[in-house]
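Quick notes on the structure that follows.
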Protein chains: 2
Amino acid sequence: MCADKINPIRPTDDEARALARSLLEGARFAALAVTDATTGTPMVTRIALGTDARGTPLSLVSTLSQHTTALAKDPNCALLVGEPGDKGDPLTHPRLSIQARAEIVARDDPRHAPLADRYLADHPKARLYADFGDFRYVLFTPTRALLNGGFGKAFELTPDDLAK
Amino acid sequence: MCADKINPIRPTDDEARALARSLLEGARFAALAVTDATTGTPMVTRIALGTDARGTPLSLVSTLSQHTTALAKDPNCALLVGEPGDKGDPLTHPRLSIQARAEIVARDDPRHAPLADRYLADHPKARLYADFGDFRYVLFTPTRALLNGGFGKAFELTPDDLAK
């Protein structure tokens, strides 16, 4: 067998779209990749994750954190969702890599309150810090995504493929 | 309580160094952030992870994958290790964000065989594909790291803090 001859990207079908949406809707947290504002090179951190009413990825972040500073300078970013279990080869577990643009929502933006209601219903422990002055909701609008359902099962997805 | 007045970075101590090393040595996989060779923006994917004899993060990747194409163009990258459990606030679980430079090791490099021996002892299921012609070992030499041990417990680490 010669893997060099395999095209790793399959045509996107409804099963792939459904898997991608279930990975996103089921995620309680994500890895967030940004361009570090100091070094100009990649940085990856963990954030808690929810979605807004339209299924757009949503988080609550501190403006004191390096990733928020990075997003304020360059909103291009990426999210990884889909967690392996404790057993077996972690690369056989499906995961979704989303490239996105981040929008930090001001506290006086009319979207702040409805986003807070939705996010805190999903993440009740975040009520402990959600009202601290340095916290903001961030919306991540997908630009493209790569679904990896295991070896040889990769799909390139559009924002429409991910939308509800 | 006003979080704006808290400096979120604590002085690095031996406890922080030990936690960082245990997160890295204990990781079976990581989130890898790269700069996408096509878009020039962040991308984040999952890779399996081991370490070499000196504790340097190590993976086995396909040259067919987008992250390997990205690393070949720009070796600046980042890794996230330390997985939350299924319960509680995922942001209270410790995790380590490592910024690094990747080196793709050629198959005829004298380091290939010893890296393969070590990696495949830790990841025996990777023997299924390790000998495919498109797979390469990659070493990630840390340049800096951020350890987040939970709210208010962040530490900036140097490569020496992470070394064995």
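So you know, we letter chains A, B, ... as the sequences are listed, proteins then strands, and number each from 1.
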Check B/Ala78 against A/Pro42 and note the closest heavy-atom contact, atom names and distance. CB-O, 3.4 Å
Group every Ile, Leu, Val, Met, Phe, Trp and Tyr by side-chain heavy-atom contacts under 4.5 Å, then state whether A/Leu71 and B/Val44 land in the same group. no
Please look at B/Leu96 and chain A and tell me whether the side chain, the backbone, both or neither of the residue comes under 4.5 angstrom of a heavy atom of that chain. neither
Under 4.5 Å to a heavy atom of chain B? For A/Glu83 that would be both
Would you say that B/Asp36 contacts A/Arg144 through its side chain, given a criterion of any heavy-atom pair below 4.5 Å between the two side chains? yes
In Å, rounded to the nearest 0.5 Å, how long is the span from OG of A/Ser59 to CG of B/Leu91? 7.5 Å
Is there a donor-acceptor contact under 3.5 Å from the side chain of A/Arg46 to the main chain of B/Gly82? yes
Using non-hydrogen atoms and a 4.5 Å limit, figure out which bit of B/Ile47 sits close to chain A: side chain, backbone, both or neither. backbone
Quick one: do B/Gln66 and A/Asn148 satisfy side-chain contact (heavy atoms from CB on, under 4.5 Å)? Show the steps, please. CA-CA 12 Å; B/Gln66 291 187 23; A/Asn148 193 321; over 6 Å; no
In Å and rounded to the nearest 0.5 Å, what is the CG to CE distance from A/Leu80 to B/Met43? 9.5 Å
Between B/Thr41 (side chain) and A/Asn76 (backbone), is there a donor-acceptor pair under 3.5 Å? no
For A/Leu79, is it the side chain, the backbone, both or neither that has a heavy atom under 4.5 Å from a heavy atom of chain B? backbone
Co-membership, hydrophobic cluster, residues B/Phe140 and B/Phe29, 4.5 Å side-chain: no
